[in-house]
Amino acid sequence: PDQRRHALNQTLAGLDRSTRLVEQLLRLARLDPLSQLPDTKPVSLVDIALRVVAGARDATSQHPIDTELNESLPAIDGDTDLIEIALRNLLDNALRYSPSGSTIRVFLRKQGNDTLLGVQDNGLGVSPEELPHLAERFFRGAEISTEGSGLGLAIVRRIAELHGATLELANRDGGGFEARLRW
């Protein structure tokens with residue numbers, strides 16, 4: 001019975017990974033041919049951030065998640081579902097690649113004339129050699145031991161492009177990593 005239960009758990013975990021990979025490939029296949037979003041409407045980045053953070057808090061207890069949300073920022077034109085997917089991917093990466101117990105921060109702020117929506121962690125950061133390749137499809141760092149397909153940041157970059165934003169990835173001064181969308 002123990003061996004069967006273990007085999008079943010391994011099979012279910014493999015199915016979950018396969019399902020996630022297929023979903024990500026399909027999402028990219030749908031986004032690639034678009035030159036612009038077919039239907040946009042005003043999107044509240046604050047509402048998206050609150051929903052994504054609430055979902056992540058329900059799913060994990062290994063990381064405290066803080067928020068820094070400028071609630072006075074105006075809505076942007078876009079697709080709510082896609083921006084939610086982008087932020088969820090950024091937050092999932094921070095949760096996956098940060099040491100257990102490290103604090104994750106989701107932020108929405110103004111910087112000059114730009115609006116920034118992103119995620120910071122206080123983990124180890126990324127090697128300078130790998131940093132320029134992180135948003136390439138199927139790229140996985142040499143030191144990565146956690147599960148993943150290397151598609152999450154490629155999806156975020158494509159969603160950013162369709163929204164007139166850029167994806168910025170950087171190591172933080174003093175340690176940690178930051179991934180943000182800049183409008």
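Note: hydrogens, waters and symmetry copies are ignored here, and every other heavy atom, side chains too, is used. These figures come from a predicted structure and were not determined experimentally.
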Would you indicate whether the side-chain heavy atoms of [Y] and [X] approach each other to under 4.5 Å?
{"X": "Leu45", "Y": "Trp183", "answer": "yes"}
{"X": "Leu87", "Y": "Ile48", "answer": "yes"}
{"X": "Leu108", "Y": "Thr67", "answer": "no"}
{"X": "Asn89", "Y": "Ile159", "answer": "no"}

Restricting to non-hydrogen atoms, name the atom on [X] and the atom on [Y] that form the minimum distance, rounded to 0.1 Å.
{"X": "Leu91", "Y": "Ala56", "value": "CD2-CB, 3.4 Å"}
{"X": "Phe107", "Y": "Val119", "value": "CE2-N, 3.5 Å"}
{"X": "Ala49", "Y": "Val106", "value": "CB-CG1, 4.3 Å"}
{"X": "Asp121", "Y": "Arg172", "value": "O-NH1, 2.9 Å"}
{"X": "Ala160", "Y": "Thr166", "value": "CB-C, 4.2 Å"}
{"X": "Leu167", "Y": "Leu153", "value": "CD2-O, 3.7 Å"}

Without swapping roles, check the side chain of [X] against the backbone of [Y] for a donor-acceptor pair under 3.5 Å.
{"X": "Arg109", "Y": "Asn70", "result": "no"}
{"X": "Asp66", "Y": "Arg105", "result": "no"}
{"X": "Asn171", "Y": "Val126", "result": "yes"}
{"X": "Asn122", "Y": "Thr103", "result": "yes"}

Spacing of [atom1] belonging to [X] relative to [atom2] belonging to [Y], to within rounding of 0.5 Å:
{"X": "Thr115", "Y": "Arg180", "atom1": "OG1", "atom2": "CZ", "answer": "13.0 Å"}
{"X": "Leu95", "Y": "Arg57", "atom1": "CG", "atom2": "CZ", "answer": "11.0 Å"}
{"X": "Gln111", "Y": "Leu116", "atom1": "CD", "atom2": "CG", "answer": "5.0 Å"}
{"X": "Asp114", "Y": "Arg182", "atom1": "CG", "atom2": "CZ", "answer": "4.5 Å"}
{"X": "Glu71", "Y": "Asp47", "atom1": "CD", "atom2": "CG", "answer": "9.0 Å"}
{"X": "Thr11", "Y": "His6", "atom1": "OG1", "atom2": "NE2", "answer": "9.5 Å"}

Subject >> Leu124, CG atom: more than 12 neighbouring heavy atoms under 6.0 Å >> reply: no
Original post:
Would the number of heavy atoms belonging to other residues, nucleotides or ligands and lying under 6.0 Å from CG of Asn9 be above 12?
Top reply: yes
What side-chain donor-acceptor pairs closer than 3.5 Å can you find for residues 74-82, not counting sequence neighbours?
from  : atom 1 : to    : atom 2 : distance (Å)
Asp79 : OD1    : Asp81 : N      : 3.0
Asp79 : OD1    : Leu82 : N      : 2.9

